[in-house]
Amino acid sequence: MRGVSGSPARKRTDRAADRLDQAMKLADSRRLTGPNLLLGGPGAVVEVELEGESPAEVVETWSKRVTQILEAVGWPDATLAHRLHRGGLTLAVSAPLDALYAATEVNEWALDAAQADLAGSEEGDLEEAADRLRAEIQTEINPRHRAILQAAAERGVSCLSDDDHISVGLGTGSITWPVQELPTPEQVDWQSVHDIPVALVTGTNGKSTTVRLLASIVAAAGKSAGLCSTDWIRVGDEVVDQGDYSGPGGARQVLRHNGVEIALLETARGGMLRRGLAVQRADVGLVTNIAEDHLGESGIYDLEELAQAKLIVHQAARRLVLNDEDPVLSRRGLELN
């Protein structure tokens, strides 16, 4: 029999919920806009801090709940992934690129429902949640974005998107539009759209120096290089903007610049973990080295985990260049082969 307010059964349930709140805490919920540590494309992730709660039980219960809500909102084929680390759990679910805000709500509902299940308390109403989340998805999705994305994929060219702009092609072959002013695929001059060579440069040290060196080589070959780094965005000899542009936002600015013939993108660990890569495909990925830096942040606690984070570039790069004198990278290179 269900306990009523003030009954021993209700008090036991309340105490269980209080204990679970202390043992399981939502630390972060965010969108993943590109290839990342857990997924090969866009999705949503929640970071959960655990204190004494069984990770396996949490993953199992969350998986059950997120599968239910995904089926209810019409995303039954979504990919689930999780990662256990010293600070807790990362729980990820894939989602359409134009519905990532709604995807975070889906994932958060599943986590809340899993918490309720583990505490033995009242579970959330699945149908009510599904109705609300379907409405949010319909509000967020952009049919023209989906049509442009599909048309670009059919033609083998890149499509980049963010909250404000969507573009097809890269560099000299790119066209960019505001999100609310997208054409239909038939209105796009696809003959002028093409990609350019892209290099992703990551590692603990030497990233900015490496992209500058590569830019000098490109300039000596008579080509216009676009680079982003922790110092600036530069196209040829012109500094377009100053500041830390080593994340996916800086990469998109370079890749949308019509003066860029070859893109050299410093790709910091933080941006890859928080949002993922800016591109689905790159010609080459380079990892300079792996050394102790910012350990304890974003679920990365040792050199092996740091190498795994840096090697996210491998998901997009056709070729991978590693520093063979770095013992961690040398071993990882043999494993990748």
Side-chain angles (χ1 to χ4, degrees), residues 33-37 158 160 170-171 195-221 223-257 259-294 297-298 300 303 305-330 332-333 336:
T33 56
N36 54 80
L37 194 57
S158 298
L160 307 179
L170 302 176
D195 285 349
I196 60 172
V198 176
L200 305 175
V201 179
T202 191
T204 303
N205 308 111
K207 298 183 293 294
S208 297
T209 302
T210 300
V211 293
R212 291 183 192 181
L213 175 60
L214 291 173
S216 296
I217 295 172
V218 170
K223 298 290 186 179
S224 173
L227 68 85
C228 60
S229 68
T230 53
D231 298 315
W232 54 47
I233 292 174
R234 198 180 80 198
V235 176
D237 294 327
E238 178 189 0
V239 175
V240 176
D241 206 348
Q242 292 187 324
D244 187 347
Y245 286 100
S246 59
R252 283 191 293 270
Q253 287 195 52
V254 170
L255 295 169
R256 287 172 173 162
H257 196 291
V260 175
E261 295 178 285
I262 297 177
L264 309 166
L265 310 176
E266 179 175 341
T267 307
R269 181 267 304 266
M272 288 191 282
L273 291 173
R274 286 192 297 271
R275 287 286 183 260
L277 296 175
V279 292
Q280 293 283 341
R281 299 187 304 273
D283 293 87
V284 63
L286 185 154
V287 188
T288 59
N289 72 322
I290 300 295
E292 292 188 5
D293 186 44
H294 299 292
E297 298 179 7
S298 303
I300 303 300
L303 294 184
E305 291 177 336
L306 181 59
Q308 185 181 11
K310 299 289 188 181
L311 286 168
I312 292 173
V313 297
H314 181 53
Q315 294 194 41
R318 296 186 181 95
R319 299 175 181 83
L320 188 63
V321 179
L322 304 178
N323 178 0
D324 192 49
E325 294 183 356
D326 184 290
V328 177
L329 288 177
S330 179
R332 285 299 185 109
L336 290 172

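Between the side chain of Arg256 and the main chain of Leu160, a donor-acceptor pair closer than 3.5 Å is present. Of the possible donor and acceptor atoms, one in the side chain of Thr33 sits under 3.5 Å from a partner among the backbone N and O of Arg275. Formation of a donor-acceptor pair under 3.5 Å by the Glu266 side chain with backbone atoms of Thr230 is found in this model. Under a 3.5 Å cut-off, the side chain of Thr202 and the backbone N or O of Thr267 do form a donor-acceptor pair. Remark: side-chain polar atoms of Lys310 are not paired, donor with acceptor, to backbone N or O of Leu306 under 3.5 angstrom.
Across all non-hydrogen atoms, the minimal contact from Val211 to Ser229 is CG2-CB, 4.3 Å. Annotation for Ala263 and Leu255: closest pair CB-CD2, 3.5 Å, computed over non-hydrogen atoms. Nearest approach of Asn36 to Gly34, heavy atoms of both residues: ND2-O, 2.8 Å. Across Asn205 and Ala291, no two heavy atoms sit closer than the pair OD1-CB, 4.2 Å. For the residue pair Ala251 and Ala278, the shortest heavy atom distance occurs at CB-CB, 3.7 Å. The minimum heavy-atom distance linking Ala316 with Leu277 is given by the pair CB-CD1, 3.7 Å.
Enclosure of atom CZ in Arg274 is not indicated, since only 12 or fewer non-hydrogen atoms of other residues, nucleotides or ligands lie within 6.0 angstrom.
Counting heavy atoms from C-beta outward, Leu273 and Ile300 have side chains that approach closer than 4.5 Å. A 4.5 Å side-chain heavy-atom check between Leu265 and Val254 finds at least one atom pair inside the cut-off. When side chains are defined from C-beta on, Val321 does not count as touching Val287, because their heavy atoms never get closer than 4.5 Å. Looking at Ile233 and Gln253, their side chains come closer than 4.5 Å, going by heavy atoms from C-beta outward. In this structure the side chain of Arg332 reaches within 4.5 angstrom of the side chain of Leu311, judged on heavy atoms. At a threshold of 4.5 Å between non-hydrogen side-chain atoms, the residues Thr210 and Thr288 count as touching. Looking only at side-chain heavy atoms (C-beta outward), Met272 and Leu37 stay at 4.5 Å or farther from each other. Leu227 places a side-chain heavy atom less than 4.5 Å from the side chain of Trp232.
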Residue pair Val235, Ser224: steps toward the side chain to side chain contact (heavy atoms under 4.5 Å, CB included) verdict: CA-CA 7 Å; Val235 176; Ser224 173; 3.9 Å; yes
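Among residue pairs with one or both ends in residues 311-329, those qualifying as side-chain hydrogen bond (donor to acceptor under 3.5 Å, both in side chains) are Asp283-Arg318, Asp324-Ser330; sequence neighbours excluded.
From Asp231, atom CG reaches atom OG of Ser208 across 5.0 Å, with rounding to the nearest 0.5 Å.
Between the side chains of Ser158 and Asp195, at least one donor-acceptor pair of N or O atoms lies under 3.5 Å.
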